[in-house]
Each structure stands twice: as structure tokens, then as C-alpha cells.
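Residue numbering restarts at 1 for every chain, and letters A, B, ... go by the order of the sequence lines. When reading the values below, keep in mind they use all heavy atoms of this one structure, side chains included, and skip hydrogens, waters and symmetry mates.
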Amino acid sequence: MQYNHKLTFKSYLDLAQLLKQYQGSHEENRHFALSHKIQGIPLVLLWKDKNLYRVVDELDSSRYLHYLKLFSSLFGFILLLLGFFTGFALLSYSGAEPVNVIYLLLVMVGLPLLSMFLSLLSLFTGNMGARIFKHFSLLYYLEKAINFFPFAKKIDFSALPFSATLSKWIFLQRLQLFSFLFALGLFLALILTVVSKDIAFAWSSTLAIDPLAFQNVLSLLATPWQSFFPSAVPSLELIEISHYFRLGDKLDVNMVQNADKLGAWWKFLAMATLCYALLLRLVFWFIMKIGFKKQLKKELYTLPGVQKLLKEFSTAVVSTVSVKEEQHLEVKEEPTLLASEILSDDYAFLLAWNYAEKTLMLLQDQHKVTVTSTHVVGGRNSFAEDKVIIDTLKGKVLIYVKAWEPPTMDFMDFLADVLAKNEVDAVEVCPLGTVTEHYASKKVDMEIWLKKLEQITSEKLKVIDV
Amino acid sequence: MSSYPKFAVVGHPNKGKSSIVSSLSLDNSIQIGNTPGTTQVKRGFPLKVDGEIIYELFDTPGFQRARRVFAWLEEHGDVSADKRADVVREFVFKHKDSERFKDEVELLEPILNGAGIIYVVDASKPYGAEYEVEMEILRWCGQPSMAILNLIGNEDYREDWTRALGQYFRLVRTYNPMTARHNEHIELLESMAQLKEEWTKPIKQAISILDELYDKKVDESVEVVVDYMVEVLSFVHYQKIKEEEASGEEKEEAKLAYREKILKVEIKERQAIEKIWNHTDIEKNEASLELERVGLFSKESASIFGLTQKELIVTSAATGATAGAAIDLLAVGHTLLLGALVGGVVGGVGAMFGFDNLYEMKVLGQSIGKRELTIGPMQNLNFPYVLLGRSLYHASMIAKRSHAMRGDLDLENGSFTQELMEGESRKALEKLHLKLRKGEELKEETLEEYKELIKKRFLTLL
């Protein structure tokens with residue numbers, strides 16, 4: 001499939017609609033960027049082309065551009081006709097009175113130059129100019145009102161991504177096109193009238209215009225073509241003989257005598273229309289087109305999601321997560337084993353798991369438990385040393401453990417060995433806190449011990465929480 | 001063997017190994033519990049850049065039968081120091097399928113495959129000699145190693161621990177995964193880079209990647225906060241009404257819809273921030289937004305064919321003038337443009353006075369007129385600061401939150417509103433708030449300026 005990376009109005013609208021629904025993940029977008037050699041806006045547009053299938057609704061662009069084309073064509077046609085008939089009306093010549101060139105020049109050159117000036121003005125007045133001008137465009141209102149026609153495809157214009165500036169460029173571009181068509185109608189009317197009728201042109205004004213001054217103005221207007229088409233530049237003689245005054249019943253004798261020469265004006269009028277109303281308009285249309293494209297590109301960067309996309313294209317995907325799925329451990333909320341709060345009066349043996357000898361003495365001093373024999377187990381002891389101690393055990397055994405250290409399997413093995421000894425009648429495990437906690441265990445630590453110790457099913461086992 | 005650096009986080013059960021891995025890998029999905037054995041198998045957490053691994057962290061189960069393992073090693077390891085790692089390897093090989101030593105096998109495997117050792121202890125609890133067996137086993141592995149002093153509780157026994165650990169590990173560092181911020185994360189990585197010469201370069205690379213990632217997250221958060229402010233402050237709700245003036249019920253309904261939208265946007269903003277910082281699925285305690293005194297702008301208006309009365313007047317005047325001008329043209333200017341003038345006046349005045357009659361008209365069975373009530377944007381001058389204060393507070397709390405944290409996020413009593421309202425930047429912030437209140441289109445420069453201010457504020461909170 002061939003993709004077009006050029007930014008068009010359609011691609012802009014499509015991208016805006018796609019981004020509202022889908023923006024892809026960083027990983028997908030970065031992978032996309034790495035697999036293509038282009039970057040920036042062309043890459044964004046290529047991304048849009050590849051992902052546009054995700055938009056399942058009708059594209060906004062098809063609906064909007066449908067109306068834009070429809071109304072533009074309709075208006076264009078109307079303005080072409082209007083220009084054509086205006087031209088015929090302006091050139092209507094009964095033979096009683098010549099066609100006033102000044103009036104023609106005003107419509108064929110003056111009006112286009114004025115609208116071009118206004119277009120230029122709107123470029124330099126920012127959005128304000130556009131806001132004023134758009135109210136003079138029926139197209140603007142027709143587009144707004146379109147949703148009221150039940151047969152029309154509904155468009156939410158407020159949801160379309162147009163800023164006032166972009167709307168201005170759309171308007172200005174269309175204004176050039178419509179003006180061009182109007183001028184084309186005028187031009188065609190002029191040519192057709194000249195071909196089919198014998199028209200006498202003259203010039204007349206209430207103002208006292210000197211023919212020489214008038215010639216200078218016309219020569220100035222004719223500058224673009226006077227070198228290669230000198231016959232289309234009115235001569236001073238032509239200007240002088242075609243000057244007429246409204247007063248009087250009859251035409252000037254001089255004019256009548258030179259009637260054959262008066263028609264020569266048409267070349268100038270045709271060239272003036274061609275140059276100022278048509279060619280210059282095309283230049284303006286081209287400028288507006290470039291301006292529109294530039295604005296479109298500028299606004300594309302501000303479309304919600306575009307910056308994110310560009311950032312994701314250029315930023316490496318950093319991942320820190322594991323690919324291996326975690327084996328979740330089912331954790332019991334509450335232990336079922338209960339701890340007793342009272343230590344027995346006397347024990348045959350006191351074992352201190354992972355404690356140092358010195359600490360054992362302190363513990364004894366704190367709890368004042370009567371015991372026959374005390375031993376330190378675990379910790380630095382070897383298994384052989386622990387085995388010797390286990391072999392000597394009998395009767396009731398108390399084991400001090402560090403409450404904050406969770407029971408390891410090392411301890412569980414040791415406890416199982418103690419419990420397995422027939423001579424041992426009872427084993428009480430007492431988790432103790434730190435010195436600063438006055439050896440009192442914390443609830444959370446106690447629960448850990450209870451949950452672990454309840455895995456051992458022995459009636460000999462008891463847990464003490466002092 | 002892969003060339004990138006690997007680190008196995010090992011230690012006694014329940015000393016915060018998974019919390020440290022969670023914090024370093026910025027992943028809050030790792031199961032962390034106070035039940036020993038929560039981590040049952042080793043899991044690798046690679047730092048990947050465009051698929052390429054820069055380094056890998058391994059979360060491992062804790063030592064369960066360290067004394068038995070060491071007893072086995074001593075029994076089989078009457079060898080010189082350079083051969084001790086082979087004895088450990090032999091142990092792992094022989095007990096690969098043993099249920100009894102499955103935790104030790106899991107934790108030793110990555111080390112024997114070249115991973116550096118990160119030994120974790122809880123320095124808020126007293127030192128115990130039982131740890132020495134574990135440290136001995138790790139020493140036998142012969143890999144570069146460091147110890148991390150994690151402070152789970154309130155007490156501090158770091159001095160004792162440092163004295164002991166210093167005998168076994170090249171480096172001893174303090175790192176609390178629950179409170180660690182980005183700079184502490186980076187400092188720890190810098191320490192890890194010192195463990196082996198070949199690891200320095202990739203870890204330095206990782207540091208710069210993580211720094212960039214952090215900056216990117218800050219920028220993205222600022223974007224989200226700014227977008228949220230723009231959306232909320234400029235939001236306008238439109239509602240159809242029956243009469244010329246909205247009834248009390250219609251007004252209430254519109255206000256409710258407005259508030260719902262604002263709350264929805266706030267939720268969306270919160271989720272976006274949490275996604276950026278990879279803190280999804282966290283429970284938050286946050287006071288709901290008080291929208292009672294937001295001061296909403298409201299206006300009833302009517303339109304015909306979607307055009308307001310003003311627009312209709314302009315349209316009609318323009319149409320009338322165009323029609324009149326056509327007559328002028330046909331009369332070759334003899335009418336002195338009176339046609340355009342009269343046409344324009346008739347069209348404009350007609351639309352002005354005929355608006356109400358036109359409103360009632362039906363075309364193709366459909367009424368061409370529409371009345372609506374407009375609610376918003378919010379007019380209260382201080383409310384934007386309430387929104388911004390809440391938003392920045394939430395964003396900063398999320399950004400600072402360690403991935404090792406599992407509890408609810410408390411936002412009940414925090415906000416940044418006061419600081420924003422009293423700060424020097426209020427004037428600059430107000431510039432944008434005013435534009436949004438007026439419904440003006442924002443210039444790129446204004447938005448950028450606003451972003452800069454928000455970013456500056458946001459960074460002071462991190």
C-alpha cells in the first residue's frame with residue numbers, strides 16, 4: 001500500500017479524529033518510529049495512515065470536506081455566473097451612449113485590488129480581521145446552519161480542530177477562489193461581448209481629469225504588459241478622443257468621427273482584467289494556500305496527542321518491569337493459633353534461639369523464669385552442637401526467639417527435632433521484642449510467628465506472648 | 001553469559017528485598033508482605049532501553065536453611081579460596097530439584113551466573129550473629145558485593161551493622177525503599193557502579209537514562225496539569241431550555257451536569273498522573289472538590305439555524321446588501337448604490353425585529369429555533385488556585401511516592417493552594433486564568449509561560 005506523507009487538510013482532520021480515539025502506547029509508537037526512516041510530521045502522518053482503520057465512525061473529514069466542496073462549488077458557480085452577468089450588464093451598449101471605461105475599471109481592477117488589499121490586511125491584523133470578514137461570507141452561515149437540515153449529515157463544528165487563525169486561512173483561500181471565478185465571469189463576458197457586438201468605449205467623470213494624467217495612470221496600470229503587448233496600452237490620442245460628457249443630446253462629433261478607434265479600449269480592459277483580477281488573484285490564491293499549509297502544520301503540532309506522539313517516536317522506551325510472572329503467595333489474614341500470655345513457673349530447659357550468651361542472661365534477669373538448664377541454640381552453633389543439646393532435652397522446654405526475625409526453616413527444622421523427642425513433654429515458644437521494646441513483641445511480629453507455627457500439628461507446642 | 005551487569009538482591013527473609021527491588025525497578029506490582037516467603041522464586045527486573053538490557057536486578061527468596069547450606073559447603077569445601085565458588089556451584093547443581101533447599105538454590109543461581117550481590121538487612125533491628133552464616137555463604141560465591149542497610153522500623157542500629165557488614169562487603173550503604181526519592185535511587189546506582197570496573201559504564205548509562213526518564217515524567221505531569229486547568233477553567237456547558245428564561249429546575253440540572261463534568265475531568269487528570277509515574281491502582285483518600293461557590297457564569301440565548309440574533313442580523317444585512325448591489329450593477333450604477341444600502345438595512349432590521357417570529361417557524365417539521373442555557377466558565381477568582389493546588393499536591397505526592405509503598409495515599413489534608421495564592425507567581429498565573437475565564441483563545445507563548453511557572457512550582461514540591 002502506498003502512503004502519502006504530505007500534510008493535507010484531510011490528513012489533518014483524520015489525524016485529529018484518530019488521536020481522539022487512539023494514541024498507541026509508547027512501546028508501539030517507538031517501535032513504529034524505529035522501523036521507519038522518516039521522522040517528524042511525515043512520520044506522524046504515516047502513523048495516521050497505518051492506524052486510521054481504528055476509527056470505525058464515519059470520518060469527520062469526509063463529511064466536512066463534502067460540504068466544503070459542495071458549498072464551494074455551488075458558490076463558485078454562482079459567482080462565475082454573477083461575474084458573467086455583471087460583465088454583460090456593465091458592457092450593455094445601446095448605441096446611444098458609450099460604455100464608461102472608468103466604471104468598468106472600478107469593477108474589473110478596483111474591486112479585485114480592494115479585496116486583495118483587505119486580504120493582506122487580514123493577514124496583518126491577526127484573528128480580528130478574519131473574525132470581521134467571515135461575517136460577510138454566506139458560506140460561513142450556511143455551514144453553521146447545515147445541522148438544521150434533517151437530510152444533511154450532521155457535523156459538530158465545535159468539535160472540529162479549527163482555531164480562529166486556521167478558519168481565517170480557510171476563508172481567505174476560498175475568498176481568492178470565489179473572486180477569481182467572479183473575475184473570470186467578467187472576463188468571459190468582456191470577450192464574448194467584444195466578439196459579438198461592436199462596443200464603443202469612452203471615459204467620463206464628474207472630476208476634471210486631465211487626459212494626460214489619466215494616460216499616465218493607465219500606463220502605470222499597463223506596465224506589466226506594455227513591453228510585449230503595446231497595443232493594449234491606451235494612447236493619449238485614444239484617451240483624448242474617447243473623453244465624453246453627459247451633457248448634450250448628441251455624442252461629441254470628434255467621438256463619432258473616430259468611432260472605429262473607440263473599440264480599441266477592449267484590449268486594455270481585457271489585459272487589465274487578466275493581469276489584476278485573474279493572474280494576480282492566482283498569485284494571491286497561491287500565497288493563501290502556502291499560508292494555510294503553514295498554519296495547518298503549525299496547528300498540527302498543537303493537536304492533542306501530537307506532541308506525545310512525537311515525543312514517543314524520539315524517546316527510547318525504558319522498561320524496568322519483569323517479564324516473568326509473579327507467583328503470588330496466598331497470605332492468611334489472621335492466624336488461627338492463639339498465644340498464651342502467661343509463662344509457666346518453671347521449665348526443665350530454656351533455649352535461646354539465635355541469641356548470644358550475654359543476652360540470654362539479660363532475658364533471664366527480666367523474666368525470672370525458673371529453669372534447670374539454659375542453652376544458646378542456632379546462631380553460631382553448628383548442627384552438631386545443637387544436636388547435642390537436643391539429645392539432653394526432657395520435660396518442659398521454653399524457647400526464646402527474636403520476634404522481629406521471622407521463623408526460618410532452619411528454626412522449624414530445629415523445633416520439629418525438639419518436638420519429636422519423646423522425653424520432651426511440652427515446648428513453649430516465646431517470641432521476644434528488642435531491649436528498647438522491653439522484650440515485648442509487636443502484634444505484627446507475633447502474628448507472623450503464629451501463622452508459621454500453626455503449620456506444626458503437635459499438642460506439645462504452645463506459643464507464649466509476654 | 002550475557003555481558004550486562006546483574007545484581008541479585010539477597011538476604012534474610014522479611015528484610016525488604018522486594019521493597020528495594022520495587023523501588024529500584026519503579027514497579028509497584030511486586031508482592032510485598034510481612035509473611036516470610038512472599039517471594040518464592042527469583043524474578044529478574046531488567047532495565048531495558050528499546051529492548052536492550054542495560055542491567056538486571058533479581059528479586060530472590062530469603063535464606064531459609066543457611067546453616068545447613070554452609071554445613072554442606074564446609075563438608076565439601078576443603079579447598080583454597082579460589083575454588084570455593086565451584087563448591088557453591090556444586091551445591092546448587094546437586095540440590096536443583098530439592099524442595100528443602102529451593103530458596104537457597106533460587107537465590108544463589110543468579111549470583112553464580114555472574115550477578116553482583118546486594119545483601120539487605122534491617123538496620124532498625126539489632127545485629128545478630130546468625131547473619132554471619134549467610135554472609136559467609138555469599139563470600140564463598142566470590143562475586144562483587146555490597147550491603148544495604150534498610151531502616152524498616154524506628155530504631156537505628158546502623159553502626160553495629162556497618163561494623164559487621166564491613167568485614168564481608170565492599171560497600172555498605174543506607175537505602176530506605178519506602179522513602180527513597182529519585183536522587184537516592186541514583187546514588188545507590190552510583191554505588192553499584194563501583195562494584196566492578198566493567199559495570200561502571202553501563203550503570204552510568206542507566207543513570208543518565210533514569211535521569212532522562214524522570215525529567216520526562218516531570219514534563220508530562222506538567223502537561224497533564226496544564227491541560228486539566230485549561231479544560232476545567234474554559235469549560236462551558238450548553239443545555240436546551242424550553243422558555244425564554246431557564247426555569248430553576250433547568251438551571252439546577254445544568255449546574256449538576258457542569259459539576260459532574262468537572263469532577264470527571266479531575267478523575268481523568270489524576271489517573272493520567274498516576275499512569276505517568278506507574279502508580280496505577282492505588283487507593284487514595286482525598287476530600288472531594290467543593291463546587292458550591294465556584295461562581296458560574298450563566299446566560300440564556302436563542303438561535304435560528306444555529307445563528308445567534310447578532311449573527312442573523314449580520315447575515316440578513318449582508319444578503320440584503322448583496323441582492324441590492326446586484327440591482328445596482330444591473331442598473332449600471334445609476335441607482336448610486338442605493339440598492340445595496342436599502343437591501344442591507346431591510347435585511348438587518350427585518351432580522352432584528354423578526355427574530356422572535358422566525359424562532360417559532362418550522363421547516364420540514366423541525367423547529368428552526370433553539371433556546372439554550374450556557375453555564376460556565378467559572379468566575380470565582382480563587383477557585384483556579386484551589387484546583388491547581390489540589391492538582392499539584394496530588395501530582396507531587398504521586399511523583400514522590402516510592403514504588404515499594406503499598407498503603408493508601410492520603411491526600412485529605414494537603415493542598416498547595418495557599419502557597420500558590422500568596423506566591424510571587426500569582427500575577428503571572430492570573431494572566432492565563434483571566435483569558436480562560438473570558439473564553440479567549442490562548443496564545444502558544446502564554447501557555448508556555450504558564451507551563452514554565454507550573455513546572456517551577458512542581459519541582460519545588462519534589
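The pair B/D50-A/R30 meets the salt-bridge criterion, since a charged nitrogen lies less than 4.0 angstrom from a carboxylate oxygen. Using a 4.0 Å cut-off between a side-chain N of Lys or Arg and a carboxylate O of Asp or Glu, B/R68 and B/E104 do not qualify as a salt bridge. At a threshold of 4.0 Å, the pair B/E220-B/K216 counts as salt-bridged, since one of the basic side-chain nitrogens sits closer than that to a carboxylate oxygen. By the 4.0 Å N-to-carboxylate-O rule, A/D410 lies close enough to B/R67 to be salt-bridged with it.
Comparing A/T302, A/V435, A/V317 by how many heavy-atom pairs each has under 4.5 Å with chain B, the most go to A/V317. Put simply, of B/E212, B/R100, B/E130, the one with the most heavy-atom pairs under 4.5 Å next to chain A is B/E130. Interface summary for chain B: among A/D445, A/D413, A/T434, A/V318, the most heavy-atom pairs under 4.5 angstrom belong to A/D413.
Using a 4.5 Å heavy-atom cut-off against chain B, the contacting residues of residues 377-386 of chain A are A/G378, A/G379, A/R380, A/N381, A/S382, A/F383, A/D386.
Side-chain N or O atoms of A/W449 include one that pairs as donor or acceptor with a backbone N or O of A/E405 at under 3.5 Å.
By the 30° and 60° cut-offs, the orientation of the rings of A/F88 relative to A/F84 is perpendicular. Using bins of under 30°, 30° to 60° and over 60° for the plane-to-plane angle, the ring pair A/F178/A/F75 lands in the tilted bin.
Contact annotation for B/L47: both backbone and side-chain heavy atoms come within less than 4.5 Å of a heavy atom of chain A. Interface remark: B/Y157 contributes side-chain atoms only to the contact with chain A (heavy atom separation under 4.5 Å). In this structure, the portions of B/V49 lying under 4.5 Å from any heavy atom of chain A include both its backbone and its side chain. A/K402 touches chain B through its side chain: at least one heavy atom from C-beta onward sits under 4.5 Å away, while N, CA, C and O do not. Residue contact with chain A, scored on non-hydrogen atoms closer than 4.5 Å, is absent for B/F70.
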ring-ring contact (aromatic ring centres under 6.0 Å, His included), that's the test. Do A/Y400 and A/W353 meet it? Break it down for me.
CA-CA 6 Å; A/Y400 282 150; A/W353 177 259; over 10 Å; no
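Within the 4.5 Å cutoff, the side chain of B/E99 has heavy atoms near those of the B/K102 side chain. Contact annotation: the side chain of B/V121 never approaches that of B/H12 to less than 4.5 Å [non-hydrogen atoms, C-beta and beyond].
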